[in-house]
Asker: 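Starting off with a structure, shown below.
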Protein chains: 2
Amino acid sequence: MAADDLQVHQCDAAITLAFSILGKRWNGMIVAVLGSGPLSFVALRRAVTGISDAVLSDRLSELADAGLVTRSVDPGPPVAVAYALTASGEELQPVLQELGRWALENMAHIAHR
Amino acid sequence: MAADDLQVHQCDAAITLAFSILGKRWNGMIVAVLGSGPLSFVALRRAVTGISDAVLSDRLSELADAGLVTRSVDPGPPVAVAYALTASGEELQPVLQELGRWALENMAHIAHR
DNA sequence: TTAGTCGCTCTGTTTTTCTTAGCGGCTCTG
DNA sequence: CAGAGCCGCTAAGAAAAACAGAGCGACTAA
């Protein structure tokens with residue numbers, strides 16, 4: 001009977017979709033650091049403090065599959081691989097920036113483990 | 001020598017902070033559904049399709065610790081618990097909405113596993 | 001030659017997440 | 001009153017993800 005039970009609240013499909021990518025550890029940070037320009041594998045590993053090679057490799061594949069980043073190989077001879085954002089990735093940037101602002105204003109005090 | 005190596009790219013601390021919460025599975029969705037008003041434990045579980053009791057319980061504690069949601073008990077007699085957003089949680093709403101818009105425009109085509 | 005960087009992958013361990021089951025308090029039905 | 005069901009959890013074990021660390025092929029710089 002409770003009226004609020006008759007109203008079926010369901011999680012927005014768009015949000016669910018967004019968090020199927022961003023809701024995984026590291027993905028948000030990877031996209032955020034790529035926001036300031038293409039980076040090599042090693043540069044990414046350095047930028048995203050704490051991530052391991054294996055996981056970074058995994059995440060980059062996922063992000064590539066999802067169409068957020070591209071992997072381009074320049075066979076120098078010293079073969080160099082560069083990861084960069086796609087248009088989709090770029091469009092995510094302003095949202096990430098606001099997220100950053102929010103965190104500064106609302107989470108700065110949180111003692112992080 | 002390489003100029004791009006001298007420039008130390010490091011992941012923005014604010015983004016890292018934000019994703020220490022939002023980068024965990026379910027958290028974003030929980031905050032998003034609470035955006036449309038306080039909900040009971042069971043209502044939340046129904047709204048966030050796929051989450052289990054144990055994990056929802058865990059996540060709610062985390063979100064409460066982080067100051068994003070509150071847990072208020074009304075000892076009816078039929079004891080009723082309501083979870084709601086704090087001011088911090090509310091401020092996250094607009095960002096989540098933009099994230100939803102972004103997902104619609106950029107991820108709708110992704111075949112989701 | 002030796003040492004070092006880059007871009008990974010493989011192995012095995014630890015952490016996280018998930019599934020399943022159950023419990024006490026309450027209400028609703030017969 | 002005796003089930004049966006909903007609410008709000010928690011405990012225990014299994015499955016999945018993340019982790020550290022070693023190693024490897026191709027290359028370069030000393």
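The figures that follow rest on heavy atoms only: side chains count, while hydrogens, waters and symmetry mates do not. Note on naming: letters A, B, ... go to the chains in the order of the sequence lines (proteins, then strands), and numbering restarts at 1 for each one.
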Asker: When the distance from CG of D74(B) to C1' of dG8(D) is rounded to whole Å, what number comes out?
Answerer: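 For the pair D74(B) CG and dG8(D) C1', the rounded distance is 14 Å.
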Asker: For dA17(D), take OP1 and OP2 only and decide whether either is under 4.0 Å from a side-chain N or O of W26(A).
Answerer: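 Answer is no, no contact under 4.0 Å.
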Asker: Sugar-phosphate means primed atoms, P, OP1 and OP2; the rest is base. With that split, encode nucleotides 7-13 of chain C 5' to 3' as B, S or - using protein heavy atoms under 4.0 Å.
Answerer: SBBB---
Asker: Apply side-chain hydrogen bond (donor to acceptor under 3.5 Å, both in side chains) to D58(B) and list each qualifying residue two or more places apart in sequence or on a separate chain.
Answerer: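 Scan of D58(B) (side-chain hydrogen bond (donor to acceptor under 3.5 Å, both in side chains), adjacent residues dropped) gives none.
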Asker: Tell me the interatomic distance from I51(A), atom CD1, to dG21(D), atom C1', rounded to whole angstroms.
Answerer: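 From I51(A) CD1 to dG21(D) C1': 16 Å.
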Asker: In chain order, what residues pass the side-chain hydrogen bond (donor to acceptor under 3.5 Å, both in side chains) check against R25(B), with sequence neighbours excluded?
Answerer: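 For R25(B), no residue satisfies side-chain hydrogen bond (donor to acceptor under 3.5 Å, both in side chains) once neighbours in sequence are set aside.
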Asker: In whole angstrom, what separates L56(B)'s CG from dT20(C)'s C1'?
Answerer: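 From L56(B) CG to dT20(C) C1': 16 Å.
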Asker: Mind grabbing the angle between the end helix axes of the helix from dT1(C)-dA30(D) to dG30(C)-dC1(D)? Five pairs an end, 10° rounding.
Answerer: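 Its terminal axes enclose an angle near 10°.
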Asker: Among residues two or more places apart or on two chains, list those pairs meeting side-chain hydrogen bond (donor to acceptor under 3.5 Å, both in side chains) that have a residue in residues 66-75 of chain A.
Answerer: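 Non-adjacent pairs meeting side-chain hydrogen bond (donor to acceptor under 3.5 Å, both in side chains): R71(A)-Y83(A).
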Asker: Using side-chain hydrogen bond (donor to acceptor under 3.5 Å, both in side chains) as the criterion, list what pairs up with E105(A), not counting sequence neighbours.
Answerer: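 side-chain hydrogen bond (donor to acceptor under 3.5 Å, both in side chains) check on E105(A) returns R101(A).
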Asker: Taking only residues two or more places apart in sequence, or in another chain, which ones meet S52(B) in a side chain to side chain contact (heavy atoms under 4.5 Å, CB included)?
Answerer: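 For S52(B), the residues satisfying side chain to side chain contact (heavy atoms under 4.5 Å, CB included) (neighbours in sequence not counted) are A54(B), V55(B).
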Asker: When you match R25(A) and S61(B) each to their closest nucleotide on DNA chain D, which lands nearer the 5' end?
Answerer: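 Final value for this comparison: S61(B).
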Asker: dT15(C) C1' sits how many Å from K24(B) NZ, rounded?
Answerer: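 Going from K24(B) (NZ) to dT15(C) (C1'), I get 10 Å.
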Asker: Just so I know, are the side chains of V33(B) and D12(A) near enough to count as touching, which here means a heavy-atom distance under 4.5 Å?
Answerer: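 Of all side-chain heavy-atom pairs linking D12(A) with V33(B), none is under 4.5 Å.
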Asker: Run the side-chain hydrogen bond (donor to acceptor under 3.5 Å, both in side chains) test against R59(B) and tell me which residues pass, sequence neighbours left out.
Answerer: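 Partners of R59(B) under the side-chain hydrogen bond (donor to acceptor under 3.5 Å, both in side chains) test: none.
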Asker: Under the side chain to side chain contact (heavy atoms under 4.5 Å, CB included) rule, collect the residues that match up with Q97(B), sequence neighbours excluded.
Answerer: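 Per chain and number, Q97(B) pairs via side chain to side chain contact (heavy atoms under 4.5 Å, CB included) with no residue.
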